[in-house]
Colleague: 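Below you will find the structure I want to go over with you.
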Amino acid sequence: MSSSAERKLYLESIRVYPIKSCAGFSVECWPLSDTGLLYDREWLVKNALGEVLTQKKIPLMSSIGTFIDREKGKLYVMSPNTEEQLQISLVEDSFCNDEEINLCGQRAQGSGYGAEINEWFSKALDRPCFLVRKGNGGSLGCSGVGYRKSLSSREMFAKQNFCKELSFVNEGQLLLVSKASIRDLNKRLGSSIQMEDGTKRKSRLDQVEVDPMRFRPNLVVSGAEPYEEDDWHSVTVGKEHFIVLGGCNRCQMINIDPQTGFQSKNEPLATLASYRRIKGKILFGILLMQEKQLSLGNKSIQTVVDDTENYQDKPLLKVGSSVIPERTAQL
């Protein structure tokens, strides 16, 4: 097996998901903020009971398309169930009320919108629902279940002191998957299926071929070996450096085809569970937290990147950039 340096890993694609559990859009380059990719998962939809809606319960959410035009300051939202395209200002001055959101057991502050926007989403999803944008308060932070236990003291300092705010993601600031790991999964999905009586068969209904978007990644990397990302403790993408917090835990949501909304009963989660289950978690892809250099007294440490008012001043990620991982030391 050749080293990752010899193989010249690179960033194949960048994808932003403005509204949690709705479709995202691909970009050639995109700014980073203090919560990950700028505007990524900055909005969510909740029902009349205050419950956060996701594709896990409402696969129809995969049909809601999004696009952000930063120059015009607009979030555009599309649905096959509505005739009009919704336009939402990126300027935080169009809110009607403050909201408190419970997301994965953590509380976060948000801001709600008026009747026109909420009625659009209610029609799109065929149920009463409400759009909420992430506010500055709350206690969302990097506290996911898949974190590495081998975080260095520097990494732990950054995690505990500078990763207090996330967008409406479940765990880490960004999610990275490897194209090679996707190819390996598809090979396994294409093999014979073991039945309960010990026989093997192939069923067109059970066989699923997935692309990276099935896993809703922000970053897709090419040039790696399958699952070598499991051993990375940090990674540099272009000029930006990231701590690897650990693997991303998977659920039945990956059984939903993001293009059609069709939900398979078992795959690809069942195949992943057969060889990627670690301490009760089914892991695929890795969670990242961005770092930057900061002088603190006489010490130089890496911290989470700060946000700024002007996105033009923010660091950028670009498709085609080099990807240079640092591996966890083997004991």
Side-chain angles (χ1 to χ4, degrees), residues 1 4 9 11-17 20-21 23-24 26 36-37 40-41 54-56 59 62 104 142-150 166 169-191 193 206-235 237 242-259 262-289 323 325 327-328:
M1 181 184 299
S4 55
L9 281 60
L11 183 60
E12 179 176 298
S13 66
I14 303 170
R15 198 162 181 87
V16 184
Y17 305 87
K20 185 177 180 66
S21 249
S26 295
L37 292 178
D40 186 62
R41 276 91 164 188
T54 68
Q55 286 185 34
K56 190 187 303 185
S62 66
C104 299
C142 295
S143 58
V145 296
Y147 292 137
R148 294 188 290 112
K149 292 184 177 180
S150 57
L166 293 179
V169 294
N170 288 349
E171 296 179 326
Q173 291 181 334
L174 296 100
L175 172 63
L176 178 150
V177 301
S178 163
K179 198 71 173 291
S181 300
I182 295 287
R183 285 196 297 268
D184 179 81
L185 171 59
N186 279 323
K187 289 180 181 178
R188 296 170 188 266
L189 288 168
S191 64
I193 300 171
D206 290 324
Q207 290 185 44
V208 177
E209 183 170 338
V210 300
D211 67 13
M213 296 309 106
R214 182 69 69 107
F215 298 92
R216 298 178 64 80
N218 296 117
L219 311 178
V220 178
V221 170
S222 284
E225 294 289 340
Y227 312 109
E228 76 165 79
E229 64 271 18
D230 292 347
D231 297 326
W232 298 354
H233 73 81
S234 63
V235 59
V237 182
F242 300 87
I243 294 172
V244 176
L245 297 174
C248 181
N249 187 33
R250 297 299 177 172
C251 65
Q252 62 265 35
M253 187 168 153
I254 65 171
N255 292 344
I256 301 170
D257 185 333
Q259 301 299 321
F262 174 77
Q263 185 169 10
S264 168
K265 184 177 180 180
N266 298 310
E267 298 293 355
L269 186 63
T271 294
L272 268 183
S274 69
Y275 72 104
R276 295 289 298 172
R277 189 183 293 275
I278 302 173
K279 295 183 178 180
K281 309 297 180 183
I282 304 170
L283 303 181
F284 193 90
I286 54 176
L287 301 166
L288 305 180
M289 178 182 72
V323 174
R327 296 176 178 275
T328 302

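Numbers for residues simply follow the sequence, beginning at 1.
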Colleague: Tell me the closest heavy-atom pair linking Q55 and I256, and the distance in Å.
Modeller: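 Shortest heavy-atom separation between Q55 and I256 comes out as O-CD1, 3.1 Å.
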
Colleague: Enter the distance from R277:CZ to L272:CG here, rounded to the nearest 0.5 Å.
Modeller: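 Reported value, rounded in 0.5 Å steps: 10.0 Å.
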
Colleague: Any side-chain heavy atom of L175 sitting closer than 4.5 Å to one from Y17?
Modeller: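 The answer is no, as the side chains (C-beta and beyond) never meet within the 4.5 Å cut-off.
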
Colleague: With rounding to the nearest 0.5 angstrom, report the CZ to CD distance, R188 to E267.
Modeller: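 The CZ atom of R188 sits 12.5 Å away from the CD atom of E267.
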
Colleague: Please tell me if the side chains of E225 and D231 come closer than 4.5 Å, counting only heavy atoms from C-beta onward.
Modeller: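 A side-chain contact under 4.5 Å is absent here.
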
Colleague: Rounded at 0.5 Å granularity, tell me how far CD1 in I286 sits from NE2 in H233.
Modeller: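 Here the interatomic distance stands at 11.5 Å.
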
Colleague: Quick one, E229 and V323 - any side-chain contact, counting heavy atoms below 4.5 Å?
Modeller: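 They are not in side-chain contact.
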
Colleague: Answer whether the closest heavy-atom distance between the side chains of N218 and I14 falls below 4.5 Å.
Modeller: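 Not in contact.
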
Colleague: Give a yes or no answer on whether the side chain of R276 reaches the backbone of L283 with a donor-acceptor pair at less than 3.5 Å.
Modeller: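 Yes, because the side chain of R276 sits within donor-acceptor range (under 3.5 Å) of the backbone of L283.
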
Colleague: For the residue pair Y275 and T271, what are the closest heavy atoms and their distance?
Modeller: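 Distance-wise, the nearest heavy atoms are CD2-O, 3.1 Å.
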
Colleague: Working to the nearest 0.5 Å, report the span between CD of E209 and NZ of K187.
Modeller: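 Taking CD in E209 and NZ in K187, the distance rounds to 12.0 Å.
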
Colleague: Hey, does V221 have a side-chain heavy atom less than 4.5 Å from the side chain of K179?
Modeller: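 A side-chain contact is absent here, since even the closest heavy-atom pair is not under 4.5 Å.
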
Colleague: Strictly distance-based, threshold 3.5 Å: is any side-chain N or O of R15 a donor or acceptor partner for the main-chain N or O of G24?
Modeller: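 Pair found, side chain donor or acceptor close to backbone of G24.
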
Colleague: Within this structure, what is the SG-CG distance for the pair C248 and L176, rounded to the nearest 0.5 Å?
Modeller: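 Between atom SG of C248 and atom CG of L176 there are 11.0 Å.
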
Colleague: Answer whether the closest heavy-atom distance between the side chains of L288 and L245 falls below 4.5 Å.
Modeller: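 Heavy-atom side-chain distance check fails, nothing below 4.5 Å.
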
Colleague: Shortest non-hydrogen contact from P268 to L185?
Modeller: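 Closest approach of P268 to L185, heavy atoms only: CB-CD2, 4.4 Å.
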
Colleague: Keeping R250 on the side-chain end and F215 on the backbone end, is there a donor-acceptor pair under 3.5 Å?
Modeller: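 Yes.
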
Colleague: Less than 4.5 Å apart, any side-chain heavy atom of F242 and any of Q173?
Modeller: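 No, their side chains stay 4.5 Å or more apart.
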
Colleague: Do R216 and D40 meet the salt-bridge criterion of a basic N to acidic O distance under 4.0 Å?
Modeller: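 No.
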
Colleague: Is a side-chain N or O of S62 found less than 3.5 angstrom from the main chain of P59, in a donor-acceptor match?
Modeller: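 Side chain of S62 to backbone of P59, a donor-acceptor pair under 3.5 Å: yes, one is there.
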
Colleague: Heavy atoms only: give me the nearest L287-G247 pair and the separation to one decimal.
Modeller: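 For L287 and G247, the tightest heavy-atom pair comes out as CD1-O, 3.8 Å.
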
Colleague: Measure the spacing between OG of S178 and CG of D184 and express it to the nearest 0.5 Å.
Modeller: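 Here the rounded value is 9.5 Å.
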
Colleague: Please report the shortest heavy-atom distance between V210 and I182, naming the atom on each side.
Modeller: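 Taking V210 first and I182 second, the nearest heavy atoms are O-CG2, 3.7 Å.
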
Colleague: How close do T54 and K20 get, counting heavy atoms only, and between which atoms?
Modeller: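 Nearest heavy atoms, T54 then K20: CG2-CE, 4.4 Å.
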
Colleague: Would a distance-only check, ignoring hydrogens and angles, find a side-chain to backbone donor-acceptor pair under 3.5 Å from Y227 to A180?
Modeller: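 Checked: no pair found.
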
